[in-house]
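What follows is a short report on a single structure.
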Amino acid sequence: MNMNKNSGQNLSSLLLDWYQENKRDLPWRRSKDPYSIWISEIMLQQTRVETVIPYYTRFLQDYPNVRALAEAGEEEILTSWKGLGYYSRARNLHRAAQMIQEKYQGIIPNAYEDLRLLPGIGDYTAGAVLSIAFNLSFPAVDGNVLRVVSRIAGWEEDIRDAMGREKIGHIVSGLIPPGRAGEFNQALMELGAELCIPKNPLCTDCPIRSCCSAMSTGRQSCIPVKKQAKSPVPLEYWVAVLRRDKSVLMQYRDQTALLGRMWGFPMLIKMLSAEPLNEFTQQIGLELREMRRLGETKHVFTHQVWRMEAIEFIWEETQNELPKGLAWIPFDKMDHIPIPRAFQKIIKLCDIGV
DNA sequence: TACGCGTGGCC
DNA sequence: TGGCCAAGCGT
């Protein structure tokens, strides 16, 4: 990048001034507590600010410090996390809290190497916690920063590869004003979130447009360069709905499955199985007699699209015990177990519990 | 390195 | 509508 020291200082102070005037009032910005900052950074991974806010507020009430989180049960934490997605984040948070409790007496470490050893903390999150919570001079290169800095620098290589990230991180390191790492990193991210957005960036309002290579060459729409994402694989499922009194039959999903170790409904992939009644009878271990179509719903993941056709089964009592992983869940307990959004859609579609 | 991993909003 | 995108990490 062609940027001398003066222009770098100019850029940094222009950006910091803009940030002071325009930063959003977000819950985690009202705290300097490293625990709160850490929780917010994990929740914000690949997740929009507006989505995170209610989860963040509730989570900090339920688990106000490292000890509370470390001592909680995983299922309870997942229940608090349900609907937010990327559930390994919640499990990693739990494990990391236990490690911090044991190894550091509940105090969040402020060394890069120590943070990086905690599950769920990668290069970005370590930099974010160190700079925002401890004001240490580390870069925090997220998607916003990749976009902002690649535009400033006119960087037209793929930003996803390690080379690109390293280059951007190096540029950011050189721009951090002494003693203001937290503000500066947040200012870069805020600019990326509010003005230097992916499509149709608001360059006329940008405080650092005079330093921007993409602006000067009119190539804002070409930068950053990204490989095209693969489109999700479509999958079609039957979903079994069985009711008994004020409860419904649910399935604790296998560890290795998508949405593993959370609760869903028995499912069969359509593919070649033409007889859901027979196949569900085997899977569920109850005598199924009739089926009634309840409706269809769709759920989109990053890499899969599920089309789910819900079928209600009329069934008969047998002596058989339910197969492992299946359980009758009372309607009033459904709020207290981790049920991901895909299956909440089934509950809503079928008016289960109403 | 490339892929698996959730969800919701936007156009 | 469907594809794109969002404060990434683990493997």
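Just so we're clear, the structure is a prediction, and the values are computed from it rather than from any experiment. Just the heavy atoms: all of them, side chains too, but no hydrogens, waters or symmetry mates, feed the values below. Letters go in sequence order (proteins before strands), and every chain restarts at 1.
Nucleotides C/dA6 and B/dT1, compared at atom C1', are 23 Å apart to the nearest Å. Comparing B/dC5 with C/dG2, their P atoms are spaced 23 Å from each other, to the whole Å. Rounded to whole Å, the separation between the P atoms of C/dC9 and B/dG8 comes to 22 Å.
A donor-acceptor pair shorter than 3.5 Å cannot be found between the side chains of A/R307 and A/T297. A/W306 and A/Q304 share a donor-acceptor pair across their side chains, judged by distance under 3.5 Å alone. A/Y63 and A/E76 are linked by a side-chain donor-acceptor pair at a separation below 3.5 angstrom, with hydrogens and angles left out of the test. In summary, the side chains of A/R95 and A/Q98 do not present any donor paired with an acceptor at a separation below 3.5 Å, with no hydrogens or angles considered. For the residue pair A/S31/A/D33, the side-chain donor-acceptor check at 3.5 Å is not satisfied.
Per the geometry, NE2 belonging to A/H303 stands 6 Å off P belonging to B/dG4, to the nearest Å. One atom, CZ of A/R147, and another, P of C/dA6, lie 5 Å apart when rounded to the nearest Å. Taking atom CG on A/L44 and atom C1' on C/dG8, their separation rounds to 11 Å, with Å as the unit. With rounding to whole Å, A/R91 atom CZ is found 16 Å from C/dT11 atom C1'. For A/Y86 and C/dT11, the OH to P distance is 16 Å, given to the nearest whole Å. With rounding to whole Å, A/E50 atom CD is found 17 Å from C/dC5 atom P.
Within residues 225-232 of chain A, the residues that have a heavy atom under 4.0 Å from DNA chain C are, in order of number, A/K226, A/Q228. Using a 4.0 Å cut-off on heavy atoms, the residues of residues 123-140 of chain A that approach DNA chain C are A/D123, A/Y124, A/T125, listed by number.
At the heavy-atom level, A/R24 lies under 4.0 Å from base atoms of the strands shown. Across all strands, A/L258 comes closer than 4.0 Å only to sugar-phosphate atoms, never to a base (heavy-atom distances). Counting any heavy atom pair closer than 4.0 Å across all strands shown, A/G83 reaches sugar-phosphate atoms only and no base atom. At a threshold of 4.0 angstrom between heavy atoms, the contacts of A/I42 with the nucleic acid are absent. Looking at heavy-atom distances under 4.0 Å, A/W81 makes no contact with the nucleic acid at all. Residue contacts for A/V300: at a heavy-atom cut-off of 4.0 Å it reaches a base atom on one of the strands shown.
The shortest distance between the side-chain N/O atoms of A/Y55 and the OP1/OP2 oxygens of B/dT7 is not below 4.0 Å. For C/dG10, the OP1/OP2 oxygens have no side-chain nitrogen or oxygen of A/R89 closer than 4.0 Å.
With hydrogens and angles ignored, no donor-acceptor pair under 3.5 angstrom links the side chain of A/S88 to the base of C/dG10. For A/T302 against B/dG6, a side-chain-to-base donor-acceptor contact under 3.5 Å is present.
Residue whose closest nucleotide on DNA chain C sits further toward the 5' end, between A/N92 and A/R29: A/R29. Between A/A162 and A/R341, it is A/A162 whose nearest contact on DNA chain B lies nearer the 5' terminus.
Ring pair A/F138/A/Y112 is parallel by interplanar angle, where below 30° counts as parallel and above 60° as perpendicular.
Cation-pi check for A/R58 over A/Y56 is not met; the charged atom does not lie both under 6.0 angstrom from the ring centroid and within 45 degrees of its normal.
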